[in-house]
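Just below is one structure, and these are the notes that go with it.
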Amino acid sequence: MSLTQPITAGVVASLVGFTSSFAVVLTGLRAVGASPEQAASGLFALCMAIAIGVGFLATRYRMPITLAWSTPGAALLAGTATPDGGFPAAVGAFVLVGVMVVATGLWPRLGSLVQAIPTPIAQAMLAGIVLPLCLEPVRAVADEPLAIAPVIVVWLILIRYAKRWAVPAAFGTAAVVIAVVLLTSDKGVTADSLVPRMDLVVPQWTWQACVGIALPLYIVTMASQNLPGTAVMASFGYRIPWRPSMLVTGALTSLVAPAGGHAVNLAAISAALTAAPTAEPNPRRRWIAAAAVSPVYLVIGISSAAVAALVTIAPTGLVETVAGLALLDTLAGALAASLHDVKSRTAAILTFVVAAAGISVAGIGSAFWALIAGLGVYAVLKSSPDSTTPPDSTSDREIPSRAKNPSS
């Protein structure tokens, strides 16, 4: 039996997963106070965690279980100001997220509470979170058209002919732009910055970071990554071992948090690449595709420091452009899911507006206040005697609508 097909699928899943969203991770970590070195450390730590977690889960359960970092979570960080206490406070929030995910595995009721959040509200919050990053390509092309336009053009062409590779190709074009900058300016990188390392930070816990970062990050990771990831696997006939998956991803999140890793979770798009028949006709052998992700991420992790170093010398807005393009599909899916139910549309659009506003009240970011506002309005309107369900509307409890918006 040939191993070429499943191994190739694993390599493709790894490359697509990394190149399509690493820019979002670096942008998010920098937004909450990480230095360039700490952001590079976080990227390296996440790669190592994914390699370890996938290697264990895929081989232990003989399923194509694939892990990823939380791309929506990184987008949440990108729209969050540096918390009181700086990056150490953000790291404390990351540790808490891991603890909450472990608790979800041990206490299923906690996961049920997240699942009970109406889909329109959860998706509207996600849409508001990613909107600011999705606007970055527009701003960047206005400020640096010569550097940004080629990235957008290549992305657009690949969207038409090979959508899966559109964002990786945009990153490749951005790399060419960075290479031109290196050759035509006095900017450069030191050899020391190309070596991957763990830059450990002692966590600090502040109530603002716990409420404003940890809670929204946990909800976004569960609602936009773990639940859709489980649904995607179920669509291919696999029943995810829920408790072990939550224990492993939660423990890994807390373990790599001091190195800057924000969240590790079940993958959705990457899972589809390894669990589909195109990865391997025999469903019992598709776990090989997921297992192949592990060594590839080890190699990617070793090179992540060089990628992060090159990003630091990129023209203004270039990295943000790649991140924004990577999140456009996430934004479109979240908006569609949030506005699908006419009955909850008012609450959903208010959630979206508050999240997109980027406000900070009492040191707590807009994602938390968006969730509070949306749930409050949703509850009021749902209990209104004038509230009726239009004939063409659907229930806001429809779980597949979450699965339609996988993020990584």
Side-chain angles (χ1 to χ4, degrees), residues 18 21-56 67-71 73-78 80-103 189-218 221 247-265 294 297-312 319:
F18 179 84
S21 57
F22 82 91
V24 186
V25 173
L26 292 176
T27 302
L29 293 176
R30 292 296 304 276
V32 291
S35 68
E37 295 76 19
Q38 289 168 334
S41 170
L43 188 63
F44 176 51
L46 288 168
C47 289
M48 296 299 101
I50 291 171
I52 294 170
V54 171
F56 171 75
L67 304 184
W69 50 59
S70 177
T71 302
L76 164 69
L77 300 180
T80 304
T82 302
D84 292 343
F87 190 56
V91 168
F94 301 163
V95 173
L96 181 57
V97 170
V99 172
M100 294 172 72
V101 173
V102 169
V189 295
T190 63
D192 184 60
S193 66
L194 303 179
V195 179
R197 60 173 56 86
M198 298 285 189
D199 193 344
L200 300 180
V201 174
V202 177
Q204 294 182 10
W205 286 273
T206 65
W207 71 271
Q208 292 95 337
C210 290
V211 175
I213 295 180
L215 182 59
L217 180 55
Y218 167 74
T221 299
L247 295 180
V248 169
T249 56
L252 286 172
T253 296
S254 292
L255 183 65
V256 301
H262 68 292
V264 179
N265 45 247
S294 181
Y297 258 95
L298 287 174
V299 175
I300 290 175
I302 293 172
S303 64
S304 63
V307 173
L310 291 175
V311 161
T312 61
V319 178

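Everything numeric in this text was worked out from a predicted model, so none of it was measured.
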Could I get the full list of side chain to side chain donor-acceptor pair (under 3.5 Å) partners for [X], not counting sequence neighbours?
| X | answer |
| --- | --- |
| Y297 | none |
| E37 | S35 |
| T253 | none |

query: Is there a donor-acceptor pair closer than 3.5 Å between any side-chain N or O of H262 and the backbone N or O of S70?
result: yes
Note to self: Checking the side chain of S294 only, and the main-chain atoms of V54 only, is there a donor and an acceptor separated by less than 3.5 Å?
What the structure shows: no
Residues 196-211 vs salt bridge (charged side-chain N to carboxylate O under 4.0 Å, His left out), sequence neighbours excluded, gives D192-R197
Contacts satisfying salt bridge (charged side-chain N to carboxylate O under 4.0 Å, His left out) that involve residues 38-55 (not counting sequence neighbours) are none
I need the minimum non-hydrogen distance between [X] and [Y], along with the two atoms involved.
| X | Y | result |
| --- | --- | --- |
| V32 | P83 | O-CD, 3.7 Å |
| A209 | A93 | O-CB, 3.7 Å |
| V202 | P88 | O-CB, 3.5 Å |

Does the side chain of [Y] come within less than 4.5 Å of [X]'s, by heavy atoms?
| X | Y | value |
| --- | --- | --- |
| S254 | V95 | yes |
| F94 | L217 | yes |
| W69 | L43 | yes |

Which atom pairs, donor and acceptor, lie under 3.5 Å between side-chain atoms of residues 302-310 and protein residues at least two apart or in another chain?
| from | atom 1 | to | atom 2 | distance (Å) |
| --- | --- | --- | --- | --- |
| S303 | OG | I300 | O | 2.8 |
| S304 | OG | G301 | O | 2.6 |

